[in-house]
Chemist: 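Below are the structure tokens for one structure; questions will follow.
In this text the structure is predicted, and so the values were computed from the model without any measurement.
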Amino acid sequence: MCSSLPHTTETVTCTEMAQRLNLVVSRHFSKLTSLSSTRKLTENVSSKPQTASGSEITADHLLYTPEHFALKESLKKIIDQDINPYVDQWEAEGIFPAHKVFKLLGNAGFLGVNKPVEYGGLGLDFSYSIAVSEELGNIRCGGIPMAIGVQTDMATPALARFGSTELKKEFLLPSIMGDKVACLGVSEVGAGSDVATIKTNAVREGDEYVVNGGKMWTTNGTQADWMCLLANTSDGPSHKNKSLICLPMNSPGVHIARKIDKMGMRSSDTAEVFFDDVRVPCKNLIGQEGMGFTYQMLQFQEERLWACGNILTMMDNIIQETIQYTRQRKIFKMPVLYHQSVHFRLAELETEIELLRSLLHRSTALYIKGNDVTKLASMAKLKAGRLSREVGDSCLQYWGGMGFTSDVLVSRFYRDARLLSIGGGADEVMLSIICKYMDTLPKPPPKK
């Protein structure tokens, strides 16, 4: 397998491949013994607050195995040592060093958990990607996990499934290794949730496509080495005239118009990109011409479940930090937490979080068995966006004046989490999808 790949600086060596294959079975074997101990079902144990990582017990988890927890523990080390100490700085600067961070994650195998082994991935099922998304929620901002999610679950899934061997070697392999940063070019100024209305065109001239148009809200856009571009490649019906193309961002005619100044997700760079007669080889087409819209829709299930897993851990952390703060902060001669309205509200929010976690894990379990979970994924995405807004608003209130400063995590979460109900399919789009599966959408009158 290793010998079939050319030995370049962007190629996985046999040694690296072996390291990736052994990651989940050997890296933390010594720690799995304690993780795997059976939890006693007593009131004292079950009533203790649980955090997203470190306190879960493998013996009675409905989805995760010891290997899932080994993967999470390995990622936690990178987050604690190499990411969280610098988050405040990157938030202030409005950008994080994507190539440096992605290389760290790529070396450890986290950028290709469910990608093919022959291209540097771990070859695991999607439940491991959800485990990774949950652990990434321990990064103390929303921007960096979002940028990682674009690399792993938005810009590369179609390439991994439908791309040619040559394309995978040129773009997928170095993206999994962390040598290249990817971005996704779908949304435009007048086409966000309504993907079918994009205007960017890729006209075939000989053995090249000539690309003209522009993309908006492009995460990783100012640092990316290549873009997974959705463009119109014919004048046919809007759902059958689009194609996905791997577009190198250093191509002549690619212009980064600006880095967008956002309310939240400050450490993630977001660009507006224009294309002026950009020439791309036709061999950079992913799969079949005209299938881009379909390919894009297929990966939305994974994308939305991934986002749900990521925000769950963030909400867990906000609840726990709010409990700690309100326990020591006093008002009217007693801790804020001891006021019934406060601890009852936190109990309500915790209950909602656990219900959402159950929906996520059920959806994931069904998905890895080959089921269509579009309805459930849409429900999870809808609930995650709305619940994160409730958690941010309620918890910020209990922090009082401190919550209105930039010094605490809750205010950053309040800003960052607002995007979840907008990006990746707005709440209203999720509702429409759910209604479609419920057969409750208005039907046009019969033709006379």
Chemist: Distance-only, no hydrogens or angles: does the Arg412 side chain make a donor-acceptor pair with backbone N or O of Arg140 under 3.5 Å?
Modeler: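 Yes, because the side chain of Arg412 sits within donor-acceptor range (under 3.5 Å) of the backbone of Arg140.
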Chemist: Return the set of residues passing ring pair (Phe, Tyr, Trp, His ring centres under 6.0 Å) with Trp399 (not counting sequence neighbours), or none when no residue passes.
Modeler: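 With sequence neighbours excluded, Trp399 shows a ring pair (Phe, Tyr, Trp, His ring centres under 6.0 Å) to Tyr325, given in chain and number order.
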Chemist: Should we count CZ of Phe162 as having more than 12 external heavy atoms under 6.0 Å?
Modeler: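 Correct, the count exceeds 12.
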Chemist: Show the nearest heavy-atom pair for residues Leu356 and Ala384, with the distance to one decimal.
Modeler: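 For Leu356 versus Ala384, the nearest heavy atoms are CD2-CA, 3.7 Å.
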Chemist: Ignoring hydrogens and geometry, is there a side-chain-to-backbone donor-acceptor pair from Glu272 to Ala257 under 3.5 Å?
Modeler: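 Not confirmed, Glu272 side chain does not pair with Ala257 backbone.
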Chemist: What pairs meet the salt bridge (charged side-chain N to carboxylate O under 4.0 Å, His left out) rule with one or both residues in residues 368-379, with sequence neighbours excluded?
Modeler: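 Sorted result for residues 368-379: empty, none.
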Chemist: The criterion is ring pair (Phe, Tyr, Trp, His ring centres under 6.0 Å); which residues satisfy it with Tyr338, sequence neighbours excluded?
Modeler: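 Partners of Tyr338 under the ring pair (Phe, Tyr, Trp, His ring centres under 6.0 Å) test: none.
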Chemist: Does atom CZ of Arg345 have more than 12 heavy-atom neighbours from other groups under 6.0 Å away?
Modeler: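 Yes, because the 6.0 Å sphere around CZ of Arg345 holds more than 12 heavy atoms from other groups.
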Chemist: Donor-acceptor pair, Asp125 side chain versus Ile368 backbone, under 3.5 Å?
Modeler: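 No; judged by distance alone, with no hydrogens or angles, the pair does not exist.
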Chemist: Answer yes or no: is there a donor N or O on one side and an acceptor on the other, between the side chain of Asp416 and the main chain of Gly264, under 3.5 Å?
Modeler: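 Side chain of Asp416 to backbone of Gly264: no pair is present.
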Chemist: Judged by modelled atom types alone, do Tyr128 and Glu67 share a side-chain donor-acceptor pair under 3.5 Å?
Modeler: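 No, Glu67 and Tyr128 have no side-chain donor paired with an acceptor closer than 3.5 Å.
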Chemist: Can you give me the closest heavy-atom contact between Cys282 and Arg204, atom names plus distance?
Modeler: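 For Cys282 and Arg204, the tightest heavy-atom pair comes out as SG-NH1, 3.3 Å.
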Chemist: Would you check if the side chain of Lys262 reaches a backbone N or O of Asp269 as a donor-acceptor pair within less than 3.5 Å?
Modeler: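 No; zero donor-acceptor contacts below 3.5 Å.
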Chemist: I'd like to know if the side chain of Glu188 and the backbone of Lys199 have a donor-acceptor N/O pair within less than 3.5 Å.
Modeler: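 A pair under 3.5 Å: yes.
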Chemist: Roughly how far, to the nearest 0.5 Å, is the CG atom of Asn138 from the CE atom of Met314?
Modeler: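 Result: 9.0 Å between the selected atoms.
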Chemist: Without hydrogens or angle criteria, can the side chains of Asn250 and Asp225 be said to hold a donor-acceptor pair below 3.5 Å?
Modeler: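 The criterion, which ignores hydrogens and geometry beyond distance, is not satisfied for Asp225 and Asn250.
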Chemist: Counting only heavy atoms not in Met263, do more than 12 sit closer than 6.0 Å to its CE atom?
Modeler: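 Count over threshold, so yes.
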Chemist: Does Glu348 CD have over 12 foreign heavy atoms under 6.0 Å away?
Modeler: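 Correct, the count exceeds 12.
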Chemist: Would you call the rings of Phe171 and Trp226 parallel, tilted or perpendicular, taking 30° and 60° as the class edges?
Modeler: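 Taking Trp226 first and then Phe171, their aromatic rings sit tilted (interplane angle of 30° to 60°).
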Chemist: If we check salt bridge (charged side-chain N to carboxylate O under 4.0 Å, His left out) with Asp427, which of these qualifies: Arg389, Arg418, Arg304?
Modeler: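 The residue from Arg389, Arg418, Arg304 that satisfies salt bridge (charged side-chain N to carboxylate O under 4.0 Å, His left out) with Asp427 turns out to be Arg389.
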Chemist: Please check: side-chain N/O of Ser251 versus main-chain N/O of Val254, any donor-acceptor pairing under 3.5 Å?
Modeler: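 No, Ser251 side chain to Val254 backbone: no donor-acceptor pair under 3.5 Å.
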Chemist: Taking the side chain as every heavy atom from C-beta outward, state whether Ile260 and Met216 have any atom pair closer than 4.5 Å.
Modeler: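 Yes, side chains in contact.
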Chemist: Between Gln151 (side chain only) and Lys180 (backbone N and O only), is there a donor and an acceptor less than 3.5 Å apart?
Modeler: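 Pair found, side chain donor or acceptor close to backbone of Lys180.
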Chemist: Below 4.5 Å, heavy atoms only, C-beta onward: do Lys240 and Phe293 meet side chain to side chain?
Modeler: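 In short, these two side chains do not touch, never coming nearer than 4.5 Å.
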Chemist: Enter the distance from Lys100:NZ to Asp82:CG here, rounded to the nearest 0.5 Å.
Modeler: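 One finds 7.5 Å between NZ of Lys100 and CG of Asp82.
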Chemist: Tell me whether Thr197 contacts the main-chain N or O of Asp194 through its side chain, where contact means a donor paired with an acceptor under 3.5 Å.
Modeler: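 Here the side-chain-to-backbone pair exists.
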Chemist: Please check this pair: side chain of Ser388 against backbone of Gly385, looking for a donor-acceptor N/O pair closer than 3.5 Å.
Modeler: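 Pair found, side chain donor or acceptor close to backbone of Gly385.
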Chemist: Quick check: closest heavy atoms across Thr364 and Ser127, and the distance to 0.1 Å?
Modeler: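 For Thr364 versus Ser127, the nearest heavy atoms are CG2-CA, 3.7 Å.
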Chemist: Does any part of the side chain of Glu321, heavy atoms only, come nearer than 4.5 Å to the side chain of Val408, both counted from C-beta?
Modeler: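 They are not in side-chain contact.
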